[in-house]
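Letters A, B, ... mirror the listed sequences (proteins, then strands); counts begin at 1.
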Amino acid sequence: MGTGKLKRTLSEEINESLVDSDFNLKGWVMHYRDHGGLIFIDLRDYAGIIQIVFDENISAESFNTAKKIKNEYVISVEGKVKIRPEGTENENLKTGKIEIEVKKIEILNECEVLPFQIEEESDINELIRLKYRYLDLRRKKMKDNLIFRSKFNFLIREFLNKNGFFDIETPFLTKSTPEGSRDFLVPSRLNNGNFYALPQSPQLFKQILMVSGFEKYYQIVRCFRDEDLRADRQPEFTQLDMEMSFIEQKDIMSLSEEMFALIFDKLLNIKLNLPIKIMDYDDAMESYGSDKPDIRFEMRLKTVSDIFGGSSLNVFRDCLSKNGVIKAICFKNGSNLLSRKDIDELVTVIKDFGGKGLAWTKVGKAEQRPKPAPFTNSSLLTVSAQGCKLEGGIAKFITEEEEKILIDRLEAENGDIIFYQADEKKVADTVLGRLRLYLAKKYNLIPESKFEFLWVVNFPLFEYSEEEKKIVAIHHPFTAPNEEDIKLLDTNPLMAKSQSYDLVLNGEEIGGGSIRIHKTELQEKIFEILSIKPEDARLKFGFLLDALSFGAPPHGGIAFGVDRVLMLVKNVDSIRDVIAFPKTQKAQCPLSDAPSHVRSEQLRELGIKLIEKDKLI
RNA sequence: GGGGCUGUAGUUCAGACGGUUAGAACGCCGGCCUGUCACGCCGGAGGUCGCGGGUUCGAUCCCCGUCGGCCCCGCCA
């Protein structure tokens with residue numbers, strides 16, 4: 001007996017108004033409850049779950065077939081929609097007020113015993129999840145994530161199409177792009193000894209499309225980087241890549257904002273406050289010790305170098321004499337949250353962050369008490385005008401005057417702890433910035449349900465690389481300097497700021513872009529500063545330089561990390577949970593078993609001979 | 001390249017000073033059950049304790065190595 005006269009209906013389409021109508025449903029057996037003379041099945045299709053009932057008095061034949069059913073069998077049933085008997089409704093199900101009384105059933109496919117249960121509450125080992133990813137993706141959470149992703153992509157395409165953008169594909173088999181990461185290489189059979197590189201991003205091609213006159217380009221595109229993996233890094237990941245001509249930084253920013261506002265509104269029902277806040281790179285580093293500040297909480301870094309000009313503390317004095325800085329953060333209520341042992345452990349943490357040590361003082365309530373005799377070693381000496389005093393740690397090296405200004409500047413109150421870092425500016429900033437995040441995470445200072453966007457702008461154009469002993473580009477070598485900084489290129493290029501912008505969400509960089517250089521002369525000057533020889537530039541990306549010389553319009557763009565945005569928005573811990581078929585930390589795919597050996601003929605065709613790694617020169 | 005956590009039944013986890021037969025829950029198999037919904041009840045099967053070596057009378061447990069998974073640093077926008 002088969003089903004099939006009726007058109008298939010999805011579980012979500014069935015409701016109480018359809019009582020006594022006949023429907024055909026197809027799907028997977030989620031739960032199977034055999035009560036002897038009555039069998040219940042929770043049938044799952046992609047849209048949801050509905051209960052179906054087999055009663056031997058309604059259809060003995062169906063009932064007998066149903067006896068053979070096990071979990072995850074694929075079935076097709078025909079039956080009537082019935083209101084459930086009073087008292088047997090299931091409030092946890094959208095379809096919990098009704099059920100399907102089955103008249104006909106067909107088993108479309110059976111299912112082996114599962115390696116893990118589909119709706120297991122506890123976390124299954126990720127290796128097993130990935131090996132049986134098709135089963136993992138049957139789980140509601142994973143399915144929801146991927147369906148959300150699909151809607152997200154659709155909304156973006158719709159929005160950009162409405163705004164005059166063209167979706168144009170760019171090659172995957174291409175030439176190494178000038179961004180910093182390691183390329184995935186693809187050997188060429190027709191050109192033995194030569195290799196394609198998979199694109200780290202479509203950077204050069206999208207600029208060339210601007211030269212071609214498309215004016216507005218976008219692509220939701222795979223990018224490849226052969227670097228070590230992290231929870232938020234996969235070797236292949238997806239960017240929303242955009243480029244526009246005759247445009248300025250503020251236009252790209254406001255378009256991006258509009259797009260995110262639409263996404264948050266339509267998909268999450270959250271209204272974003274536009275415009276998104278903008279912060280200078282320098283301010284971000286100064287106040288948050290990071291170029292991607294998490295502004296969901298305060299605890300800003302403060303420079304206190306001036307206070308300690310004449311400090312009796314050797315570490316501080318030495319640091320200042322070497323042109324270093326002293327920075328501090330105030331950890332609200334830290335004295336109560338942290339034991340002495342916790343504080344000591346933070347010193348180890350700080351060293352992992354690259355700091356030399358960690359100075360601290362507790363903030364206590366000042367008491368009216370007689371001043372101790374001079375030359376005592378008590379740390380309870382000082383009393384500030386704010387009714388607070390510093391105690392413990394380095395307090396004994398801090399004068400009353402210093403204390404007063406410190407407490408003021410850090411807005412410290414009774415019960416707080418102040419942490420200090422004395423080092424060269426960049427180190428002090430980043431170390432304290434990381435401590436800020438560490439403490440916030442550990443002591444739950446971050447409002448989890450909040451979404452805080454932030455633009456970080458005015459990045460330096462260059463930085464000096466100690467490793468390479470030369471000036472390198474912060475963004476990429478096609479980033480345009482700020483107009484007013486062009487003159488600095490000849491005098492002090494490291495001071496020049498660029499027309500670039502990063503979009504940060506909850507302390508994670510989710511996108512970045514820049515206005516590009518569209519004049520050959522300026523581009524050549526940049527190469528010169530980067531010590532890239534003209535012949536090397538030609539070799540690597542001569543085709544872009546050529547293109548720029550044929551009437552390139554002013555242009556710029558931005559790219560967003562789709563996986564990361566989805567990870568944040570869906571509040572999952574890893575981008576693997578928003579990617580259908582991700583790889584393990586060793587960049588392997590347990591499902592397909594890639595990467596794998598290839599046949600020797602394949603290698604011969606490619607002119608490739610394998611040698612053992614330790615025999616490499 | 002480095003640091004941390006981890007690997008015991010199909011799954012999630014217990015476990016022991018180094019000492020009889022390594023446990024639980026869920027799943028699986030068999031049986032019973034007409035209102036369940038993570039159904040229930042009765043019975044049963046299921047283990048190279050990741051792999052290799054060492055110490056020991058004896059190792060799942062201790063030591064060394066190795067492989068895998070996850071998190072992080074380096075690396076990477």
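Of the residues in residues 48-56 of chain A, those lying under 4.0 Å from RNA chain B by heavy-atom distance are A/Gln51, A/Asp55. Of the residues in residues 33-40 of chain A, A/Arg33, A/Asp34, A/His35, A/Gly36, A/Gly37, A/Leu38, A/Phe40 come within less than 4.0 Å of RNA chain B through at least one heavy atom, sorted by number. Residues of residues 87-95 of chain A that place a heavy atom closer than 4.0 Å to RNA chain B, in numerical order, are A/Thr88, A/Glu89, A/Asn90.
For residues 232-241 of chain A, the salt bridge (Lys or Arg N to Asp or Glu O under 4.0 Å) pairs, not counting sequence neighbours, are A/Lys206-A/Asp241, A/Arg222-A/Glu236, A/Asp232-A/Arg564, A/Glu236-A/Lys583. The list of salt bridge (Lys or Arg N to Asp or Glu O under 4.0 Å) pairs with a residue in residues 568-579 of chain A, not counting sequence neighbours, reads A/Glu126-A/Arg576, A/Arg129-A/Asp577, A/Lys141-A/Asp577. Annotation: ring pair (Phe, Tyr, Trp, His ring centres under 6.0 Å) contacts involving residues 557-576 of chain A, sequence neighbours excluded, comprise A/Phe260-A/Phe560.
At the phosphate of B/G74, neither OP1 nor OP2 sits under 4.0 Å from any side-chain N or O atom of A/Arg230. One finds a side-chain N or O of A/Asn71 lying less than 4.0 angstrom from the OP1 or OP2 phosphate oxygen of B/C28. Contact check, A/Lys70 against B/G27: no side-chain N or O comes under 4.0 Å of OP1 or OP2.
Inspection of the A/Asn482 and A/Asn458 side chains reveals an N or O donor paired with an N or O acceptor under 3.5 Å. Counted by atom type alone, A/Ser181 and A/Glu227 present zero donor-acceptor pairs between their side chains at under 3.5 Å.
When Watson-Crick and G-U wobble pairs are counted only if both distances are under 3.5 Å, B/G74 pairs with no nucleotide at all. Judged by Watson-Crick or G-U wobble contacts below 3.5 Å, the nucleotide B/U21 has no partner. Applying the Watson-Crick and G-U wobble criteria (two distances, each under 3.5 Å), B/C28 pairs with B/G44.
Listed by chain and number, the residues in a side chain to side chain donor-acceptor pair (under 3.5 Å) with A/Ser500 are A/Ser498 (sequence neighbours excluded). Applying the side chain to side chain donor-acceptor pair (under 3.5 Å) criterion to A/Trp455, with sequence neighbours excluded, gives A/Glu257. For A/Ser465, the side chain to side chain contact (heavy atoms under 4.5 Å, CB included) partners are A/Glu467, A/Glu468, A/Val472, not counting sequence neighbours. Qualifying side chain to side chain donor-acceptor pair (under 3.5 Å) partners for A/Lys470, counting only residues two or more places apart in sequence or in other chains: none. Partners of A/Asn145 by side chain to side chain donor-acceptor pair (under 3.5 Å), not counting sequence neighbours: none found.
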Atom pairs under 3.5 Å, N or O on each side, protein against nucleotides 65-67 of chain B: can you list them with distances?
none

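Contact annotation for A/Arg564: no contact, since no heavy-atom pair falls under 4.0 Å across all strands.
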